[in-house]
Amino acid sequence: MKELINPIVITLMKAFPQSFINYNCEFITGIGENQYFRLNDCYTELDIACKVLEWLSRAACKTQLSHSERKNRVLQKEMRDCINKYLGTSFTADEMRTIYNKLGNACDHRKTIAFILCGYDMSILEEE
């Protein structure tokens, strides 16, 4: 019998305890508003790691969902904590800002792959 939900997706959902998947096959973090990515083209753990960095890094360092700066920082940290839990990393807010600036919105997918495959070496993102 084929598995209904991939074990990699289950691991992702455990890292984001408020998350859910909707009828459009979108993984929604449950943190703040409108933090999601599509799962329909994710076939491997690498695919999901790329999506996490490319589509959730902004929410982990820049998102301003509230008029309260304190609440925004809490939401950003919560997102960072979930990302770090899933990836097995310990990115700081500054590192996440660099990740967003270099990889966010899938602006350089090849670099995202290289960054993941080299073990999240931040120097990869500093190269031009």
Side-chain angles (χ1 to χ4, degrees):
M1 180 174 158
K2 192 171 183 176
E3 294 180 47
L4 217 54
I5 299 180
N6 186 311
I8 299 166
V9 174
I10 292 170
T11 302
L12 176 66
M13 293 183 80
K14 285 180 181 177
F16 291 81
Q18 301 170 36
S19 66
F20 59 96
I21 299 170
N22 70 11
Y23 63 91
N24 285 327
C25 202
E26 294 168 332
F27 171 78
I28 301 169
T29 66
I31 301 170
E33 298 175 13
N34 208 27
Q35 309 304 322
Y36 72 95
F37 58 83
R38 296 194 59 125
L39 288 169
N40 62 334
D41 58 350
C42 293
Y43 304 102
T44 66
E45 195 168 356
L46 178 61
D47 293 337
I48 292 177
C50 287
K51 293 267 187 147
V52 165
L53 292 173
E54 293 169 344
W55 299 108
L56 302 180
S57 57
R58 184 179 196 286
C61 64
K62 289 190 173 199
T63 295
Q64 302 289 312
L65 297 174
S66 171
H67 294 295
S68 164
E69 187 60 36
R70 183 182 152 293
K71 185 172 181 182
N72 287 327
R73 283 194 307 269
V74 167
L75 289 170
Q76 291 166 8
K77 183 177 182 334
E78 185 178 352
M79 182 66 75
R80 247 187 343 273
D81 289 348
C82 291
I83 290 170
N84 282 327
K85 183 175 180 181
Y86 178 71
L87 297 176
T89 55
S90 56
F91 294 125
T92 65
D94 287 337
E95 289 171 327
M96 196 58 72
R97 196 168 291 106
T98 300
I99 291 166
Y100 170 65
N101 288 333
K102 300 292 183 168
L103 308 176
N105 300 317
C107 67
D108 192 341
H109 188 67
R110 282 195 236 178
K111 188 170 267 192
T112 303
I113 292 170
F115 179 61
I116 294 167
L117 294 179
C118 78
Y120 306 104
D121 180 354
M122 293 299 291
S123 68
I124 293 288
L125 301 183
E126 296 163 8
E127 296 174 0
E128 289 303 315

Go through the structure and list residues passing side chain to side chain donor-acceptor pair (under 3.5 Å) with [X], not counting sequence neighbours.
X: D81; value: K77
X: E54; value: H109, T112
X: D41; value: K51

Applying the 4.5 Å side-chain criterion to the ILVMFWY set and letting contacts propagate, would [X] and [Y] be lumped into a single cluster?
X: I99; Y: L75; value: yes
X: M96; Y: Y100; value: no
X: I113; Y: F37; value: yes
X: L46; Y: L125; value: yes

State, with a plain yes or no, whether a side-chain heavy atom of [X] is found less than 4.5 Å away from one of [Y].
X: N101; Y: K62; value: yes
X: C82; Y: I31; value: yes
X: L103; Y: K111; value: yes
X: C50; Y: I116; value: yes
X: I48; Y: F27; value: no

Reported [atom1]-to-[atom2] distance for the pair [X] and [Y], which is rounded to 0.5 angstrom:
X: S57; Y: M79; atom1: OG; atom2: CE; value: 10.0 Å
X: Q18; Y: E78; atom1: CD; atom2: CD; value: 5.0 Å
X: L12; Y: I21; atom1: CG; atom2: CD1; value: 7.5 Å

- Message: Please enumerate all residues that pass side-chain contact (heavy atoms from CB on, under 4.5 Å) together with C107, with sequence neighbours excluded.
- Response: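 In terms of side-chain contact (heavy atoms from CB on, under 4.5 Å), with neighbours along the sequence ignored, C107 is linked to no residue.
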- Item | Crowding at CD, E45 (>12 non-hydrogen neighbours, <6.0 Å) |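 No.
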- Message: Could you walk me through whether Y86 and K14 satisfy the side chain to side chain contact (heavy atoms under 4.5 Å, CB included) test, starting with their C-alpha distance in whole Å, then the side-chain angles of each, then the deciding distance to 0.1 Å, before giving a yes or no?
- Response: CA-CA 8 Å; Y86 178 71; K14 285 180 181 177; over 6 Å; no
- Message: For R97, give me all partners under salt bridge (charged side-chain N to carboxylate O under 4.0 Å, His left out), at least two apart in sequence or on another chain.
- Response: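 Partners of R97 by the salt bridge (charged side-chain N to carboxylate O under 4.0 Å, His left out) criterion, ordered by chain and then number, come out as D94.
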- Hey, what else clusters with F20 if you join Ile, Leu, Val, Met, Phe, Trp, Tyr whenever side-chain heavy atoms sit under 4.5 Å?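 Besides F20, the cluster holds I28, Y36.
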- Message: Set out, in order, the CA-CA distance, both residues' side-chain angles and the distance that settles side chain to side chain contact (heavy atoms under 4.5 Å, CB included) for M122 and F91, then state yes or no.
- Response: CA-CA 10 Å; M122 293 299 291; F91 294 125; 4.0 Å; yes
Over all heavy atoms of both residues, which pair between [X] and [Y] is shortest? Give the atoms and the distance, please.
X: A15; Y: P17; value: O-CD, 3.3 Å
X: L87; Y: A49; value: CD2-CB, 3.8 Å
X: T44; Y: I8; value: C-CD1, 4.0 Å

- Message: Parallel, tilted or perpendicular, judged at 30° and 60°: which one describes the rings of F115 and Y120?
- Response: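 Geometry flag for Y120 against F115: perpendicular rings.
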- Message: Main chain of E26, side chain of N24: is a donor-acceptor contact present, judged purely on distance under 3.5 Å?
- Response: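 Side chain of N24 to backbone of E26: no pair is present.
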- Task: Let me see the working for T98 and E126 under side chain to side chain contact (heavy atoms under 4.5 Å, CB included), right down to the final yes or no.
- Result: CA-CA 9 Å; T98 300; E126 296 163 8; 5.6 Å; no
